[in-house]
2 protein chains.
Amino acid sequence: MKRNGYLNATPERLDATFTALADPTRRAILARLVAGEATVTELAAPFDMSQPAISKHLKVLERAGLVSRGRDAQRRPCRLEARPLREATDWLENYRDYWEESYQRLDALLDELKTGEGTSTE
Amino acid sequence: MKRNGYLNATPERLDATFTALADPTRRAILARLVAGEATVTELAAPFDMSQPAISKHLKVLERAGLVSRGRDAQRRPCRLEARPLREATDWLENYRDYWEESYQRLDALLDELKTGEGTSTE
DNA sequence: CATGTATAAAACCAATAGGTTATGAAACGA
DNA sequence: TCGTTTCATAACCTATTGGTTTTATACATG
């Protein structure tokens, strides 16, 4: 049930990707980049944090392949890269069956509690 | 385009979940738990690592809510919990449109390179 | 009751993460 | 050529991570 067709992530890439996603600042940066390319200073602006701190976060994102950088004079515009996101999603999709099942069980239980009330196994 | 209906993860939960997923040992433990409950020693067996090390990994997984523990005499069986996996998946799904678009662009490019050869913009 | 088994907790260590300030370097604009 | 902007790098600090070994606890069983 996996609509695949592309290559899979190595464990190292998953390590790097999930590590990168584990920080709220970096997730915010990614969210910003969905809207399009941005320079380091633009990315740093919303945060109460020094510029080198943001540069470090960007390096983590870059190491995971989540971000690539161009060049525009003295600026180094960042762009979001899709691949690791897809790979992480693919990895998690392997568990979809599992948690859908879990929630079906939960739904059934809630259903029983609601409609049952006295009608059920008591 | 989000088939939701359930609650969303707090940033702290996402931090904890992605942190937990960022380690290959912990991912392997999760994979094992899909097959059903397991004790700590069972989980530790495949790894060339001390028991306390595994206990620490389990604590990380527990802190993220990915694992819950029961009690069976001196054993503390671990079970996989679905919720954080679903929440992480949901978070990543927000990017699905983005990377599907990216890959369409890539596909189009590859197509052009393959079928075009000389027919294209040259 | 004594011993073995399953797990947790403590103390320790090296490496990494996440932040800081200060400095350096590349490119632009006057 | 000089100053300004944009960014990276270095050096430093503290807290956390991921591992170790050793010790303690809790239960089961002969």
Side-chain angles (χ1 to χ4, degrees), chain A residues 11-33 36-81 84, chain B residues 11-33 36-81 84:
Chain A
E12 294 75 27
R13 285 190 66 87
L14 282 179
D15 287 6
T17 301
F18 284 131
T19 296
L21 296 182
D23 182 279
T25 303
R26 290 190 293 260
R27 288 197 302 274
I29 290 176
L30 291 184
R32 161 64 184 80
L33 288 177
E37 293 199 356
T39 67
V40 177
T41 7
E42 282 165 0
L43 289 174
F47 300 102
D48 184 21
M49 204 178 292
S50 67
Q51 168 260 311
I54 299 295
S55 279
K56 279 196 185 182
H57 282 303
L58 287 173
K59 196 143 62 178
V60 174
L61 291 166
E62 220 178 343
R63 195 163 49 92
L66 282 160
V67 152
S68 65
R69 344 250 334 225
R71 185 172 282 276
D72 166 28
Q74 65 249 201
R75 262 140 278 144
R76 304 289 314 277
C78 300
R79 83 170 9 253
L80 181 56
E81 289 295 332
Chain B
E12 294 75 28
R13 286 190 64 89
L14 283 178
D15 287 5
T17 302
F18 285 130
T19 297
L21 296 181
D23 182 279
T25 303
R26 290 192 292 260
R27 288 197 303 274
I29 290 176
L30 292 183
R32 162 64 185 79
L33 288 177
E37 291 199 356
T39 68
V40 176
T41 6
E42 283 166 358
L43 290 173
F47 300 101
D48 184 21
M49 205 180 291
S50 67
Q51 168 260 311
I54 299 294
S55 279
K56 281 195 184 185
H57 281 303
L58 287 174
K59 197 142 60 177
V60 175
L61 291 166
E62 220 179 343
R63 195 161 50 91
L66 282 160
V67 153
S68 65
R69 345 250 332 226
R71 184 171 283 278
D72 166 27
Q74 63 248 205
R75 262 140 279 143
R76 305 289 314 277
C78 301
R79 84 168 11 253
L80 181 55
E81 289 294 334

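Lettering of chains follows the sequences in order, A, B, ..., and the numbering in each one begins at 1.
Remark: C1' of C:dG18 and CG of A:Asp48 are 14 Å apart, rounded to the nearest angstrom. One can place CZ of B:Phe18 at 18 Å from C1' of C:dA17, the figure rounded to the nearest angstrom.
Considering only residues two or more places apart in sequence or on other chains, A:Ser68 meets the side chain to side chain donor-acceptor pair (under 3.5 Å) condition with A:Glu81. Qualifying side chain to side chain donor-acceptor pair (under 3.5 Å) partners for A:Gln74, counting only residues two or more places apart in sequence or in other chains: none. A:Ser55 pairs by the side chain to side chain donor-acceptor pair (under 3.5 Å) definition with A:Gln51, not counting sequence neighbours. Residues satisfying the side-chain contact (heavy atoms from CB on, under 4.5 Å) test with A:Ala53, not counting sequence neighbours, are A:Met49, A:Ser50. The side-chain contact (heavy atoms from CB on, under 4.5 Å) check on B:Pro24 picks up A:Asp15, B:Arg27, with sequence neighbours excluded. In terms of the side-chain contact (heavy atoms from CB on, under 4.5 Å) criterion, B:Ala45 has no residue partners (sequence neighbours excluded). Residues that satisfy the side-chain contact (heavy atoms from CB on, under 4.5 Å) test with A:Ala38, not counting sequence neighbours, are A:Arg32, A:Leu33, A:Glu42, A:Leu43. For B:Asp72, the salt bridge (charged side-chain N to carboxylate O under 4.0 Å, His left out) partners at least two apart in sequence or on another chain are B:Arg75.
Sorted by first and then second residue, the pairs that involve residues 45-66 of chain B and meet salt bridge (charged side-chain N to carboxylate O under 4.0 Å, His left out), not counting sequence neighbours, are B:Glu62-B:Arg69.
Using modelled atom types, one side-chain atom of B:Arg26 and one backbone atom of B:Thr19 make a donor-acceptor pair closer than 3.5 Å.
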Set out, line by line, the N/O atom pairs under 3.5 Å between protein and nucleotides 5-13 of chain C.
| from | atom 1 | to | atom 2 | distance (Å) |
| --- | --- | --- | --- | --- |
| C:dT7 | OP1 | B:Val40 | N | 3.4 |
| C:dT7 | OP1 | B:Arg76 | N | 3.1 |
| C:dT7 | OP2 | B:Thr41 | N | 2.8 |
| C:dT7 | OP2 | B:Thr41 | OG1 | 2.1 |
| C:dA8 | OP1 | B:Arg69 | NH1 | 3.2 |
| C:dA8 | OP1 | B:Arg69 | NH2 | 3.1 |
| C:dA8 | OP2 | B:Ser55 | OG | 2.9 |
| C:dA8 | N7 | B:Gln51 | NE2 | 3.0 |

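Each of A:Met49 and A:Thr19 was matched to the nucleotide of DNA chain C holding its nearest heavy atom; the match closer to the 5' end belongs to A:Thr19.
Nucleic acid contact class of B:Ala73 (heavy atoms, under 4.0 Å, all strands): sugar-phosphate only.
The bend of the helix from C:dC1-D:dG30 to C:dA30-D:dT1, defined by the angle between the axes of its first five and last five pairs, stands at 10° to the nearest 10°.
Counting 5' to 3', DNA chain D first comes under 4.0 angstrom of a heavy atom of chain A and last does so at the ends given by D:dT5 to D:dT9.
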